[in-house]
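Read through the structure below, which is laid out as C-alpha cells, and then see the notes.
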Amino acid sequence: MTFGEKITMIRKENNLTQEQFAEMLNVSRQSVSKWELGISFPDTEKLIRIGKLFSCSLDYLLKDEIESKDVNQLQESDHARINYYLGAFYTYLSFSPIFGFLVGIYGIYHQKQTINNRKMIRLSIVGIGVSLALTAIMIIGIVFEL
C-alpha cells in the first residue's frame, strides 16, 4: 500500500473530507489531493502531526511493506512490563500481616487478568496464607497480652 493510499484510508476511516483533513494540518485541500495521488509528500512536520492525530507510526505511513497500523509495539511491551512489576508488587504485599490477604486476593485477580504468571499466582496464595497466619498470631498475642 502506498503512502497516498494510506492517507486516503486514514482520512476515510475518520470520516473526513479532504478539506477537513487539510484544515487539521493547516494545508490546502489541493495538497491533500496531491498526497493521496502520490504526486507529492508532506514535510516532516506534517508527517509527525498525521502520526499523532491518527495514532499511526511514521514507519506505517512511509514504508510500503508495512501494512499494519499498529503504532507502538514498544508501548505494548511497556504495558506488559508494568503489569509484571505490578503483579510482583502485589505478590510481595500479600505476605504482610493484617490486610495482606486482601492485597493478595486483588493481586491474584490482577495477575490473572494481565500476565497470567502461574508461579506468581502460587506465590501470592502462599503469601495470603502467611498473612493470615501472622494476623492470627497478632490477634492471639493481643487477646492474651503476650
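Owing to the predicted nature of the structure, the values given are computational and were not obtained by experimental measurement.
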### Summary
Lys12 meets the side chain to side chain contact (heavy atoms under 4.5 Å, CB included) criterion, sequence neighbours left out, with Thr8
### Message
If the condition is side chain to side chain donor-acceptor pair (under 3.5 Å), which residues does Arg29 pass it with, not counting sequence neighbours?
### Response
Gln18
### Query
How would you list, by chain and number, every residue that makes a ring pair (Phe, Tyr, Trp, His ring centres under 6.0 Å) with Tyr85, sequence neighbours excluded?
none
### Message
Just to verify, what does Leu53 make a side chain to side chain contact (heavy atoms under 4.5 Å, CB included) with, not counting sequence neighbours?
### Response
Met24, Leu25, Arg49
### With Ser33 via side chain to side chain donor-acceptor pair (under 3.5 Å) - residues at least two apart
none
### Query
Any salt bridge (Lys or Arg N to Asp or Glu O under 4.0 Å) pairs touching residues 113-137, not counting sequence neighbours?
none
### Task
Would you please name every residue forming a side chain to side chain contact (heavy atoms under 4.5 Å, CB included) with Glu5, sequence neighbours left out?
Met1, Thr2
### Message
Could you work out, with side chain to side chain contact (heavy atoms under 4.5 Å, CB included) as the rule, every residue matching Asp43, not counting sequence neighbours?
### Response
Glu45, Lys46
### Message
List the residues meeting side chain to side chain donor-acceptor pair (under 3.5 Å) with Ser131, not counting sequence neighbours, and say none if there are none.
### Response
none
#### Entry: side chain to side chain contact (heavy atoms under 4.5 Å, CB included) between Phe144 and Ile139, intermediate numbers included
CA-CA 8 Å; Phe144 294 109; Ile139 291 171; over 6 Å; no
### Query
Who passes ring pair (Phe, Tyr, Trp, His ring centres under 6.0 Å) against Tyr106, sequence neighbours left out?
Tyr90
### Query
So which residues get pulled into Ile137's cluster when ILVMFWY side chains under 4.5 Å apart are joined, directly or through others?
none
### Task
Any ring-ring contact (aromatic ring centres under 6.0 Å, His included) involving residues 27-48? Give me the pairs, sequence neighbours left out, ordered by first then second residue.
Phe3-Phe41
